[in-house]
Undergrad: 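Here it is, the structure, as structure tokens.
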Amino acid sequence: MRVGVPREIKPDEYRVGLTPTAVREYVSHGHEVVVEQGAGAGAGYADEAYARAGATILPTADAVFGEAEMIVKVKEPQAVEWARLTDRHILFTYLHLAPDPAQADGLLKSGCAAIAYETVTDAAGGLPLLAPMSEVAGRIAVFSAGETLLKHNGGMGLLISGVPGVPPARVAVLGGGVVGMNAARMAAGLGAEVVILERSIPRMRQLDDMFQGRILTRYSTQDAVEDEVLRADVVIGAVLTAGASAPKLVRREHLSKMKPGSVLVDVSIDQGGCFETSRPTTHNDPTYTVDGVVHYCVANMPGAAPRTSSEALVHATLPFGLQLADQGLDALKKNTHLAKGLNVLKGEVTHPAVADALGKSFKDPYGAWK
């Protein structure tokens with residue numbers, strides 16, 4: 001199969017779908033790889049490194065889409081990229097379609113097979129292709145929160161770690177999954193007072209054992225969320241329902257009761273955000289303030305560390321990508337976990353949560369949902 005790697009064009013996005021090391025793996029499986037000129041530059045990978053790995057460097061994205069049968073990306077395709085997709089393409093990337101009906105319509109119109117990293121599953125019920133970016137985003141969220149708390153960035157002027165004799169920041173983490181756990185680890189490591197709100201009692205037990213009392217866990221109810229949000233200096237939104245829009249846990253009415261200059265970091269923004277007042281921002285213009293509360297809602301937080309993020313992502317996606325390249329869409333019939341990544345096929349929505357979020361009919365082409 002001919003595999004294409006275009007340069008990411010979303011603002012402030014420097015990650016790349018395949019590293020040179022990954023290209024070599026595809027080539028060793030007998031596949032051809034075409035890479036857009038400069039695709040890896042933002043993550044520190046020169047065109048020469050891709051050429052040494054066996055890739056052909058093409059001058060434009062149009063050329064890559066025109067040559068390739070499978071497109072491997074990082075972020076969701078932008079409007080100009082929807083127009084390049086056809087019914088002969090397999091698209092393998094993050095999609096986050098639930099809050100993005102325009103993208104969904106573009107993919108449906110193209111007729112392509114669109115497989116979303118974020119809905120591929122594993123035998124344990126996890127999301128293995130979302131996990132590495134969740135790890136990065138959870139850690140970056142704390143660094144970003146600490147910066148945003150500083151007075152010149154609009155925050156209340158609080159040092160997240162405190163100093164001897166001065167208390168540290170209180171950080172409330174909504175959700176104890178991969179993002180939440182990594183955020184809690186970083187915040188606790190910096191000396192913050194941390195509480196995780198979570199609904200899974202077994203998961204709270206795991207977190208309690210993991211942190212050995214260094215953080216607090218609290219069962220997540222509306223009362224608990226409201227109480228902790230009003231007490232917090234930083235709130236990190238880390239909730240996820242695979243394929244669906246994120247639930248809105250912090251409402252507009254809460255903001256006026258929060259501490260002036262406190263910070264909301266919405267890691268769930270790719271799925272619509274878990275704060276009612278969230279809207280996507282960029283690394284160049286990451287924050288805005290509503291009712292005295294600073295919002296940090298960058299939609300591609302891991303893009304700030306493109307080298308680390310690209311390598312971590314490729315380590316997770318490579319086995320699945322090779323299955324697709326080796327077997328084409330037949331790989332979905334043989335691997336039900338990969339089949340659950342299929343969001344769009346031949347003009348149909350093929351993931352139930354995505355269909356429900358978009359108000360569209362659902363079609364199950366491979367029986368993966370039976």
Side-chain angles (χ1 to χ4, degrees), residues 1-6 8 15-35 39-40 43 53-55 64 68-77 85 88-97 107 112-137 177-178 240 242-243 270 302 308-345 349-354 364-369:
M1 183 177 286
R2 187 168 291 144
V3 179
V5 184
E8 297 294 325
R15 289 173 289 180
V16 64
L18 293 180
T19 62
T21 297
V23 167
R24 186 177 178 185
E25 294 297 313
Y26 277 89
V27 171
S28 72
H29 278 238
H31 305 296
E32 298 178 51
V33 181
V34 293
V35 177
V64 170
E69 300 161 90
M70 182 166 83
I71 300 293
V72 181
K73 281 176 45 62
V74 179
K75 290 303 292 178
E76 71 279 359
L85 291 166
R88 68 180 180 83
H89 283 117
I90 298 171
L91 174 65
F92 194 38
T93 189
Y94 288 115
L95 294 177
H96 299 292
L97 291 177
L107 295 180
C112 76
I115 299 166
Y117 295 158
E118 72 271 11
T119 61
V120 173
T121 61
D122 61 22
L127 302 171
L129 307 192
L130 188 61
M133 295 303 93
S134 296
E135 291 167 345
V136 175
V178 178
L240 173 71
D270 275 333
T308 297
S309 297
S310 296
E311 292 193 19
L313 179 60
V314 164
H315 295 162
T317 60
L318 183 60
F320 295 96
L322 288 173
Q323 287 180 49
L324 285 168
D326 291 345
Q327 304 169 31
L329 293 181
D330 284 344
L332 305 181
K333 301 175 184 178
K334 300 175 182 179
N335 185 336
T336 58
H337 297 299
L338 183 55
K340 288 182 180 180
L342 186 68
N343 281 202
V344 170
L345 177 66
V349 178
T350 53
H351 190 289
V354 173
D364 179 3
Y366 298 115
W369 300 100

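We use all heavy atoms of the structure for the numbers below, so side chains are in, but hydrogens, waters and symmetry mates are not.
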Undergrad: Is there a side-chain contact between Asp270 and Lys75, using heavy atoms and a 4.5 Å cut-off?
TA: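 With C-beta onward as the side chain, the pair touches.
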Undergrad: Holding to salt bridge (Lys or Arg N to Asp or Glu O under 4.0 Å), I want the full list of residues that pass it with Glu32, two or more places apart in sequence or in another chain.
TA: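 With sequence neighbours excluded, Glu32 shows a salt bridge (Lys or Arg N to Asp or Glu O under 4.0 Å) to Arg2, given in chain and number order.
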Undergrad: Please tell me if the side chains of Tyr117 and Met133 come closer than 4.5 Å, counting only heavy atoms from C-beta onward.
TA: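 Tyr117 does not reach Met133 side chain to side chain.
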Undergrad: State, with a plain yes or no, whether a side-chain heavy atom of Thr121 is found less than 4.5 Å away from one of Leu127.
TA: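 Result yes, sub-4.5 Å side-chain heavy-atom pair found.
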Undergrad: Hey, is the main chain of Val344 close enough, under 3.5 Å, to the side chain of Thr350 for a donor-acceptor pair?
TA: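 Checking the backbone N and O of Val344 against the side chain of Thr350, a donor-acceptor pair under 3.5 Å is found.
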Undergrad: What pair of heavy atoms forms the shortest contact from Leu342 to Ala113, and how long is it?
TA: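 For Leu342 versus Ala113, the nearest heavy atoms are CD1-CB, 4.3 Å.
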Undergrad: Report the distance from atom NE2 of His29 to atom CZ of Arg24, rounding to the nearest 0.5 Å.
TA: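 Here the rounded value is 12.0 Å.
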Undergrad: With sequence neighbours left out, write down each residue that passes side chain to side chain contact (heavy atoms under 4.5 Å, CB included) with Ala116, or none if nothing qualifies.
TA: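 Once residues adjacent in sequence are excluded, the partners of Ala116 under the side chain to side chain contact (heavy atoms under 4.5 Å, CB included) criterion are Leu95, Glu118, Thr119, Asn343.
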Undergrad: Of all the heavy-atom pairs spanning Leu91 and Pro77, show the shortest one and how long it is.
TA: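 Closest pair (atom of Leu91, atom of Pro77, distance): CD2-CG, 3.8 Å.
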Undergrad: Before you tell me yes or no, could you show the steps for Leu338 and Ile115 under side-chain contact (heavy atoms from CB on, under 4.5 Å), namely the whole-Å CA-CA distance, both residues' side-chain angles and the distance that decides it to 0.1 Å?
TA: CA-CA 8 Å; Leu338 183 55; Ile115 299 166; 4.3 Å; yes
Undergrad: Set out, in order, the CA-CA distance, both residues' side-chain angles and the distance that settles side-chain contact (heavy atoms from CB on, under 4.5 Å) for Asp326 and His31, then state yes or no.
TA: CA-CA 8 Å; Asp326 291 345; His31 305 296; 2.6 Å; yes
Undergrad: Which atom names give the shortest non-hydrogen contact between Pro128 and Asp122, and what distance separates them?
TA: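 Result for this residue pair: CD-N, 3.8 Å.
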Undergrad: Could you state the interatomic distance from CE (Met70) to SG (Cys112), rounded to the nearest 0.5 Å?
TA: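 Between atom CE of Met70 and atom SG of Cys112 there are 13.0 Å.
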Undergrad: Verify, without hydrogens or angle tests, whether Ser310 (side chain) and Ala43 (backbone) share a donor-acceptor contact under 3.5 angstrom.
TA: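 Absent.
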Undergrad: Closest approach of Val23 and Ala55, non-hydrogen atoms and distance?
TA: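 Looking at all heavy atoms of both residues, the shortest contact is CG1-CB, 3.8 Å.
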Undergrad: For the atom pair OH (Tyr366) and CG (Leu329), what is the distance rounded to the nearest 0.5 Å?
TA: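 Going from OH on Tyr366 over to CG on Leu329, the span is 4.5 Å.
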Undergrad: Contact between Leu332 and Leu345 at the side-chain level, heavy atoms closer than 4.5 Å - yes or no?
TA: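 Side chain of Leu332 against side chain of Leu345, heavy atoms only: no contact under 4.5 Å found.
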Undergrad: Do Ile90 and Met1 come within less than 4.5 Å of each other through their side chains, counting heavy atoms only?
TA: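 Result yes, sub-4.5 Å side-chain heavy-atom pair found.
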Undergrad: Which donor-acceptor pairs under 3.5 Å do the side chains of residues 315-323 make with protein atoms, sequence neighbours left out?
TA:
{"unit_1": "His315", "atom_1": "ND1", "unit_2": "Glu311", "atom_2": "O", "d": "3.3"}
{"unit_1": "Thr317", "atom_1": "OG1", "unit_2": "Leu313", "atom_2": "O", "d": "3.2"}
{"unit_1": "Gln323", "atom_1": "OE1", "unit_2": "Asn335", "atom_2": "ND2", "d": "3.0"}

Undergrad: Apply side-chain contact (heavy atoms from CB on, under 4.5 Å) to the pair Leu18 and Val35, showing each step before the final yes or no.
TA: CA-CA 9 Å; Leu18 293 180; Val35 177; over 6 Å; no
Undergrad: Where do Pro20 and Ala53 come nearest, in terms of heavy atoms and distance?
TA: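 Distance-wise, the nearest heavy atoms are O-CB, 3.3 Å.
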Undergrad: If I compare all heavy atoms of Ser134 with all of Val178, which pair ends up nearest, and what's the gap?
TA: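 Heavy atoms of Ser134 and Val178 come nearest at CB-CG1, 3.7 Å.
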Undergrad: How many angstroms lie between CD in Glu69 and CZ in Arg88, if you round to the nearest 0.5 Å?
TA: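 Atom-to-atom, Glu69:CD and Arg88:CZ are 7.0 Å apart.
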Undergrad: Considering only heavy atoms from C-beta outward, does the side chain of Leu85 approach that of Leu107 to under 4.5 Å?
TA: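 In contact.
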Undergrad: Under the side-chain contact (heavy atoms from CB on, under 4.5 Å) criterion, do Val64 and Val5 qualify, and how do the steps go?
TA: CA-CA 7 Å; Val64 170; Val5 184; 5.8 Å; no
